[in-house]
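Accompanying notes for the structure given below.
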Amino acid sequence: DYKKLALLQNDRYIELHAQYGSHYKVRLPKFGRDMIYDRSSAELYTAASGRDIYRLNLSTGQFQESFRSSAKEGNNCIDQHPDHLLVAAGGDNGIVECFDVRDTKSVGQLNIKKQVGANAVTSIRFDRSETMKVAVGTDSGVVLMYDIRSSTPLLVKDHQYELPIRDIKFQGDYCVSTDNRICKIWNKDDGKPYVNLESEHSINHVTLVPNSGLMFLAEQKDKVEIYYIPGLGVAPFWCSFLDNLTEELEQDDQSVIYDDYKFITRQELESFGMNKLIGTPYLRAYMHGFFMDARLYRKVFDMANPYGYKEYVQERIKKKREEQQASRITHKKKAPKVNKFFTERYLQDLKDDDRFGAMMNKDEFEIDPNSEEFKRNNRQANENGEEPLETFEDYVEEPKVTPKKKTLPPRPASNTKLQKSVSLNRREKRLKSSLASRVKTQPKINARRVSKGTSRNLEFSFVPESQKKNTQSRRN
């Protein structure tokens with residue numbers, strides 16, 4: 001009955017629980033290591049640290065006479081078969097002993113230490129589906145399958161980790177053996193592995209739901225790991241939805257018939273000149289095209305495009321170069337202020353020429369392709385037979401950023417007249433200096449050499465108006 005529990009504790013107590021909670025505590029003479037329940041006699045058999053295997057009768061509430069084993073240091077595991085009621089216990093001396101419930105002395109021994117070299121037996125389990133088969137686990141990570149009528153093992157399974165076997169269970173045709181690191185599920189007849197469950201934490205115990213593929217792993221952490229393996233059995237009735245989930249996630253092991261085929265359309269087939277293959281076993285019709293054997297497609301493609309491999313190699317080299325160039329540290333050059341659009345297309349060779357540097361810096365040389373003058377020149381070039389400039393549909397005029405004028409605070413009214421006169425004097429001086437420079441640079445025209453009757457008797461001068469009148473009066 002699940003409402004009644006017997007818990008073996010590490011403080012030498014067996015605590016009995018009922019539905020309402022803790023019912024009673026019983027103290028053992030020595031520390032217990034493993035415990036089973038005998039349904040035929042309602043007794044608890046407890047393997048402890050000494051020779052004795054204690055028997056507690058739950059109907060009378062008294063200890064019965066204990067089983068006496070040969071293991072002086074103690075017994076680690078114990079199990080009983082429900083059919084012939086034989087009790088088997090494994091001790092620290094590497095010997096498995098069997099007891100009849102009607103007698104306290106052992107009825108048979110099996111020396112595992114001599115056969116495998118194990119120092120101790122850490123787990124033992126009878127196969128409930130077969131009366132005579134028992135599995136024994138050692139502290140060296142080896143599981144041995146025996147027939148209780150023979151001392152020769154039927155099968156030896158090594159976990160390869162050299163860790164003690166913590167637990168052994170049987171489920172159908174499989175045996176589940178567990179050590180601290182891994183839980184192995186293998187065939188109990190030939191030892192072929194079925195599945196392995198590894199964990200980052202230490203595994204302490206495994207519990208299987210009878211006749212089911214649901215199992216629980218108690219590890220050295222707060223949560224209990226839950227696994228469902230359909231190969232071990234169906235899901236229990238209280239969680240039958242697991243079967244529906246596994247049916248949806250199940251993958252078919254059969255290979256798809258189109259795995260090694262290449263899909264090709266009718267247009268590609270015509271381009272390769274293989275229309276005659278339609279209707280033959282080499283093509284399989286599918287949707288708007290055909291499936292062709294991948295090896296045949298590779299041969300046909302290589303014949304139709306003999307330089308395909310070279311193009312592939314060139315593309316790979318190009319990608320490699322681009323990746324290497326992207327990883328380099330490049331110096332970003334500033335774009336020109338003026339004619340940025342034309343510089344990218346036509347004026348690349350003029351960047352380093354100082355004579356044309358003004359075309360990229362000064363606003364006076366800016367070219368507007370949308371202006372009437374530019375369109376008129378382009379039209380004249382076309383009429384004269386010259387190669388006209390291309391249309392600039394993608395040209396976008398960048399908005400000019402005008403600097404904001406700084407507004408000065410108002411000055412007092414008394415000094416405005418003085419400031420105006422000072423500014424006027426400065427302007428006159430600048431004007432005179434500019435005009436004087438022009439007079440010096442301008443070549444002098446000899447008026448005597450020019451005849452009065454010719455049309456070249458005009459005289460140009462950049463002398464200010466006042467000085468011009470004085471020179472004319474002197475001549476007259």
Side-chain angles (χ1 to χ4, degrees), residues 160 171-174 182-198 212-215 227-235 239-328 330 344-346 348 387-396:
Q160 305 292 334
Q171 188 78 304
D173 296 334
Y174 297 98
I182 192 171
C183 175
K184 289 193 173 186
I185 303 175
W186 43 280
N187 192 293
K188 64 182 180 181
D189 297 326
D190 52 13
K192 291 183 179 180
Y194 179 68
V195 67
N196 296 335
L197 302 176
E198 294 189 24
S212 172
L214 189 64
M215 59 187 301
Y227 295 93
Y228 176 60
I229 305 174
L232 297 180
V234 297
C239 58
S240 58
F241 64 89
L242 292 176
D243 288 329
N244 299 330
L245 293 176
T246 53
E247 287 177 1
E248 294 176 0
L249 299 175
E250 186 179 6
Q251 297 179 356
D252 192 2
D253 295 336
Q254 297 180 356
S255 60
V256 184
I257 58 174
Y258 298 127
D259 277 352
D260 300 330
Y261 284 78
K262 172 72 176 178
F263 180 78
I264 182 173
T265 61
R266 188 178 291 271
Q267 290 78 9
E268 293 177 350
L269 199 65
E270 292 176 356
S271 64
F272 292 151
M274 296 190 301
N275 297 336
K276 297 180 181 180
L277 294 179
I278 298 177
T280 62
Y282 296 104
L283 296 178
R284 298 186 182 185
Y286 184 77
M287 295 178 67
H288 62 285
F290 303 91
F291 273 112
M292 179 188 292
D293 191 280
R295 294 169 294 180
L296 178 60
Y297 176 82
R298 192 72 251 172
K299 291 180 180 179
V300 173
F301 182 81
D302 293 340
M303 292 174 64
N305 189 13
Y307 301 103
Y309 180 74
K310 292 183 179 179
E311 294 176 357
Y312 169 76
V313 172
Q314 291 176 359
E315 289 180 0
R316 292 287 297 175
I317 293 173
K318 185 178 179 181
K319 289 182 180 179
K320 281 286 185 181
R321 288 178 178 175
E322 290 177 355
E323 292 176 358
Q324 291 177 359
Q325 291 176 358
S327 61
R328 294 177 182 173
T330 56
E344 295 175 354
R345 294 196 177 189
Y346 308 106
Q348 291 288 341
E387 185 180 355
L389 296 175
E390 59 178 326
T391 57
F392 301 93
E393 298 178 355
D394 56 345
Y395 174 77
V396 179

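Model, not experiment: these values are computed from the prediction.
- Taking the salt bridge (Lys or Arg N to Asp or Glu O under 4.0 Å) definition, one finds that Arg295 meets it with Asp293, sequence neighbours left out.
- Residues in residues 264-275 take part in no salt bridge (charged side-chain N to carboxylate O under 4.0 Å, His left out) pair, two or more places apart or across chains.
- Remark: Leu232 CG to Ile185 CD1 distance equals 5.0 Å, nearest 0.5 Å.
- To the nearest 0.5 Å, atom CG of residue Leu296 and atom CE of residue Met274 are 6.0 Å apart.
- Closest of all the heavy-atom pairs between Leu283 and Met292 is CD2-CE, 3.6 Å.
- Atom-to-atom distance recorded for Lys299:NZ and Met303:CE is 10.0 Å, nearest 0.5 angstrom.
- Using a 4.5 Å cut-off on side-chain heavy atoms (C-beta onward), Phe272 and Phe301 make contact.
- Under the rule for a side-chain hydrogen bond (donor to acceptor under 3.5 Å, both in side chains), the partners of Tyr228 that lie at least two apart in sequence or sit in another chain are Asp243.
- The side-chain contact (heavy atoms from CB on, under 4.5 Å) check on Tyr227 picks up Leu197, Met215, Leu217, Glu225, with sequence neighbours excluded.
- The CZ atom of Arg284 lies 13.5 Å from the CZ atom of Phe290; values are rounded to the nearest 0.5 Å.
- In this structure, the side-chain contact (heavy atoms from CB on, under 4.5 Å) partners of Glu198, at least two apart in sequence or on a different chain, are Tyr161, Ile182.
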Show me the donor-acceptor pairs within less than 3.5 Å that the side chains of residues 187-196 make with the rest of the protein, sequence neighbours left out.
unit_1: Asn187; atom_1: OD1; unit_2: Asp189; atom_2: N; d: 2.8
unit_1: Lys188; atom_1: NZ; unit_2: Asp127; atom_2: OD2; d: 2.9
unit_1: Lys188; atom_1: NZ; unit_2: Ser129; atom_2: OG; d: 3.2
unit_1: Lys188; atom_1: NZ; unit_2: Gly172; atom_2: O; d: 3.1
unit_1: Asp190; atom_1: OD1; unit_2: Lys192; atom_2: N; d: 3.2

